[in-house]
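All of these numbers come straight from a predicted model, not from anything done at the bench. Remember, it's 1-based here, ligands and their atoms both numbered in the order they're listed.
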Amino acid sequence: MVCLGNICRSPMAHVVLADRIAAAGLGDPRRVEVVSCGTGDWHVGDPMDPRAASTLRDAGYDPSSHRARHFDDGWLAECDVLFAMDEQNLADIGGRSDRVMLFRDLDPTEPGGIVPDPYYGGEDGFTEVLAMVERTSDAIVAALPAALGRD
Ligand code: 4NP
């Protein structure tokens, strides 16, 4: 999961997708591991933005273990799939490939959109991000058994 600061969008996607994967019984890190980072390094080591954390907490998730990390090319080598939150994030990690795409390419209601950056806006932006992230994470988990070779 890749965004700009790794304190708002990609951490929310990280926590929600990891939660869904665990609920589906696929949470063994030897099978599927979710990680996240930002293309900018300003917040490295920081916890999630308090607005992202409270939006997650209010919806029943635990945001407490997140610490921001910075993207480098090693992530392209180590991760099987990279999901960028917006077009700029996608460009900043080298653009599309068969393993690099927009997170919302898998959004079942509006595929191919971006996850808008809520950092400079109000609380509503975080609620909107959570809804996008929840339905897209459900679709990713639904696709995982086939991707892992066990339908
Ligand atoms: P994110 O949001 O990319 O969703 O984590 C941002 C967080 C911090 C900044 C920009 C966007 N920033 O400029 O510090």
Q) CD1/Ile114 to CG/Asn89 distance, rounded to the nearest 0.5 angstrom? A)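 Going from CD1 on Ile114 over to CG on Asn89, the span is 9.0 Å.
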Q) How long is the gap from CE on Met48 to CE on Met12, to the nearest 0.5 Å? A)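 Spacing of CE (Met48) from CE (Met12) equals 8.0 Å.
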(Q) Going by the rule side-chain hydrogen bond (donor to acceptor under 3.5 Å, both in side chains), which residues pair with Asp117 if we only count those two or more places apart in sequence or in a different chain? (A) none
Q) Is the closest basic N to carboxylate O distance between Glu110 and Arg104 below 4.0 Å? A)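 Yes.
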Q: Enumerate the protein residues lying less than 4.0 Å from ligand 1, judged by heavy-atom distances, in chain and residue-number order.
A: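 Contacts of ligand 1 under 4.0 Å: Cys3, Leu4, Gly5, Asn6, Ile7, Cys8, Arg9, Trp42, His43, Asp117, Tyr119, Tyr120.
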Q) How far apart are the C-alpha atoms of Thr136 and Phe83, what are their side-chain angles, what is the distance that settles it, and do they pass the side-chain contact (heavy atoms from CB on, under 4.5 Å) test? A) CA-CA 11 Å; Thr136 303; Phe83 289 112; over 6 Å; no
**Q.** CA sep, side-chain torsions, deciding dist, call: Met101, Val81, side-chain contact (heavy atoms from CB on, under 4.5 Å)
**A.** CA-CA 8 Å; Met101 61 200 81; Val81 183; 3.9 Å; yes
